[in-house]
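Some notes on the structure that comes next.
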Amino acid sequence: MLDQIHWLAAVTVLGVLEQAYFFLQVIYARRLFGISPPNISGPPEFERIFRAQVNSSEYFPIFLALLWQAGLFFHQGLAAALGLLYLYARYCYFMGYKASPSERLTPIYFSAGVLWILIAVSALGILHFFLSHYVGLNILQLLTA
């Protein structure tokens, strides 16, 4: 069983570490700009770091659900590769937003595109499971024939 999920688990751990890095960046920015919790407003530099972290946290559960669904129902290797692309795009988004609001756009669009691909392969994998398990129809064989 573990050989069927080890790449998904590795990408999950990398994602958690990335989230921890983003959290730490907010803590450092709070100290740098003298902003104590629960305050969330301050100089634009702080607000961009805070917003980048919050936005990344908001999407993380969606990413994890799609990563695991795509990996379990479609293909672990493809899902893990897409997961790495997503994490890289999120890192670029965070660093871009930290520098300037306009530098966040390309990475956020790219990461959204990766999520849409994960949605598609998840849906295809789940559809294939239901059709093959309950109807006896293997759509993947039909697509490759």
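The first residue in the sequence is number 1, and the count goes up from there.
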Looking only at atom types and distance, does a side-chain atom of Arg48 sit under 3.5 Å from a main-chain N or O of Lys98, one as donor and one as acceptor? yes

CG/Leu127 to OG/Ser132 distance, rounded to the nearest 0.5 angstrom? 9.0 Å

Are any non-hydrogen side-chain atoms of Phe46 and Leu32 less than 4.5 angstrom apart? no

Student check: side-chain heavy atoms of Ser57 and Phe23 closer than 4.5 Å: yes

Relative to each other, are the rings of Phe130 and Tyr134 parallel, tilted or perpendicular (30° and 60° limits)? parallel

Check the angle between the aromatic planes of Phe22 and Tyr91 and answer parallel, tilted or perpendicular using the 30° and 60° thresholds. parallel

Has Gln76 got a side-chain atom pairing as donor or acceptor with His6's backbone, closer than 3.5 angstrom? yes

With heavy-atom distances below 4.5 Å as the criterion, would you say the side chains of Phe63 and Leu118 are in contact? yes

Do the side chains of Tyr59 and Leu115 get nearer than 4.5 Å, heavy atoms only? yes

Rounded to the nearest 0.5 Å, the CZ atom of Phe33 sits from the CD1 atom of Ile49 at a distance of 6.0 Å

Nearest heavy-atom approach of Ala79 to Leu8 is CB-CD2, 3.9 Å

Beyond-backbone contact of Ile108 with Ser111, side-chain heavy atoms, under 4.5 angstrom: yes

Once you round to the nearest 0.5 Å, how far does CD of Gln19 lie from CG of Leu14? 12.0 Å

For the residue pair Ala52 and Tyr97, what are the closest heavy atoms and their distance? CB-CD1, 3.7 Å

A cation-pi test, strictly: NZ or CZ of Arg31 under 6.0 Å from the centre of the six-membered ring of Tyr28 and no more than 45 degrees from its axis. Yes or no? no

Gap separating the CG atom of Leu72 from the CD1 atom of Ile126, nearest 0.5 angstrom: 9.5 Å

Consider only side-chain heavy atoms of I, L, V, M, F, W and Y, link residues closer than 4.5 Å, and tell whether Phe50 and Phe94 are in one cluster. yes

